[in-house]
**Student:** 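A single structure is presented below for examination.
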Amino acid sequence: KVQLVESGGGSVQAGGSMRLSCVVSGYTYSRYLMAWFRQAPGKEREGVAAIDSDGTTRYADSVKGRFTISTASEGNTKYTLYLQMNSLKPEDNAMYYCRADNSLWIGYWTQSANYNYWGQGTQVTVSS
């Protein structure tokens, strides 16, 4: 069974940095598309960044140059997905979710409903 567990959220002042982690376990597929989404109160969920098993990455315009997505493999069935967030802004306040899929093409990375696997989320609070 594939499981995703996020961690690393918390509170930080504007201009600060934070790194989110998402441990993906039980993942036996040879390829992946993994992504971070976020949802702020009263707003729609939006894609933040994605990375596929070829190393191709995609970013939302609002985070380009500030956020970096990466993965680390820990054996054949376990990965850790990271989101390094620098120069944080109050508008980055949101619940952050990781998602994974074994067949979705990165061109469709923003379509959160198409991912087969997702985590429960971790809260990021940025104060001004």
**Student:** Just checking, is any N or O donor in the side chain of Tyr79 or Ser25 under 3.5 Å from an acceptor N or O on the other one?
**Tutor:**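 Not at all, the side chains of Tyr79 and Ser25 share no donor-acceptor pair under 3.5 Å.
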**Student:** What orientation do Phe67 and Tyr96 show, parallel under 30°, tilted 30 to 60°, or perpendicular over 60°?
**Tutor:** tilted
**Student:** For the atom pair CD1 (Ile106) and OG1 (Thr57), what is the distance rounded to the nearest 0.5 Å?
**Tutor:**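 With rounding to 0.5 Å, CD1 (Ile106) is 6.5 Å from OG1 (Thr57).
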**Student:** What are the two closest heavy atoms between Pro90 and Ser128, and how far apart are they?
**Tutor:**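 Taking every non-hydrogen atom into account, CG-CB, 3.8 Å.
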**Student:** With rounding to the nearest 0.5 Å, note down the distance linking CD in Gln39 to CG in Asn93.
**Tutor:**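 Taking CD in Gln39 and CG in Asn93, the distance rounds to 13.5 Å.
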**Student:** Taking Met85 as the starting point, is it possible to reach Val126 by hopping between hydrophobic residues whose side chains are less than 4.5 Å apart?
**Tutor:** yes
**Student:** Count I, L, V, M, F, W, Y as connected when their side-chain heavy atoms are under 4.5 Å apart, and connections chain through other members. Are Met34 and Tyr108 then in the same cluster?
**Tutor:** no
**Student:** So among Leu83, Ile69, Leu20, which one has a side chain to side chain contact (heavy atoms under 4.5 Å, CB included) with Val48?
**Tutor:**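 For Val48, the side chain to side chain contact (heavy atoms under 4.5 Å, CB included) test succeeds with only one of Leu83, Ile69, Leu20, which is Leu83.
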**Student:** Looking at Tyr117 versus Tyr115, is the centre-to-centre ring distance below 6.0 Å?
**Tutor:**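 Here the rings of Tyr115 and Tyr117 have centres that are no less than 6.0 Å from each other.
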**Student:** Donor-acceptor pair, Thr122 side chain versus Gly9 backbone, under 3.5 Å?
**Tutor:**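 Yes, Thr122 side chain to Gly9 backbone: donor-acceptor pair under 3.5 Å.
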**Student:** For the side chain of Ser53 and the backbone of Tyr32, is there at least one donor-acceptor N/O pair under 3.5 Å apart?
**Tutor:** yes
**Student:** Treat each ILVMFWY residue as a node, draw an edge where side-chain heavy atoms are under 4.5 Å apart, and state whether Leu33 and Tyr97 are in one component.
**Tutor:** no
**Student:** Ignoring hydrogens and geometry beyond distance, is a side-chain donor-acceptor pair present between Glu74 and Thr80 at under 3.5 Å?
**Tutor:**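 The answer is yes; a qualifying pair exists.
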**Student:** Taking only Lys NZ, Arg NE, NH1 and NH2, and the carboxylate oxygens of Asp or Glu, determine whether Asp54 and Arg31 approach each other closer than 4.0 Å.
**Tutor:**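 Answer for the salt bridge query: no.
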**Student:** Are the side chain of Arg38 and the backbone of Met95 linked by a donor-acceptor contact shorter than 3.5 Å?
**Tutor:** no
**Student:** Which heavy atom in Leu81 sits nearest to a heavy atom in Cys98, and how many Å separate them?
**Tutor:** CD2-CB, 3.9 Å
**Student:** Distance-only check: which donor-acceptor pairs under 3.5 Å involve side-chain atoms of residues 12-19, not counting sequence neighbours?
**Tutor:**
residue : atom : partner : partner atom : Å
Ser17   : OG   : Asn86   : OD1          : 3.0

**Student:** List the atom of Arg45, the atom of Ser112, and the distance in Å for their closest heavy-atom pair.
**Tutor:** CD-OG, 4.1 Å
**Student:** To the nearest 0.5 Å, tell me how far Trp36 CH2 sits from Cys22 SG.
**Tutor:**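 That separation rounds to 5.0 Å.
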**Student:** On the six-membered ring of Trp109, is Arg58 placed so that its NZ or CZ lies under 6.0 angstrom from the centre and within 45° of the ring axis?
**Tutor:** no
**Student:** Give me the atom names and distance for the closest heavy-atom approach of Asp101 to Tyr27.
**Tutor:** O-OH, 3.1 Å
**Student:** For Val24 and Leu4, which heavy atoms make the closest approach, and how far apart are they?
**Tutor:** CG2-CG, 3.9 Å
**Student:** Should Lys89 and Asp92 count as an ion pair when the cut-off is N to O under 4.0 Å?
**Tutor:** no
**Student:** CD/Gln3 to CD/Gln120 distance, rounded to the nearest 0.5 angstrom?
**Tutor:** 10.0 Å
**Student:** Measure from the side-chain N and O atoms of Glu6 to the backbone N and O of Gly121, and report whether any donor-acceptor pair falls under 3.5 Å.
**Tutor:**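 Checked: pair present.
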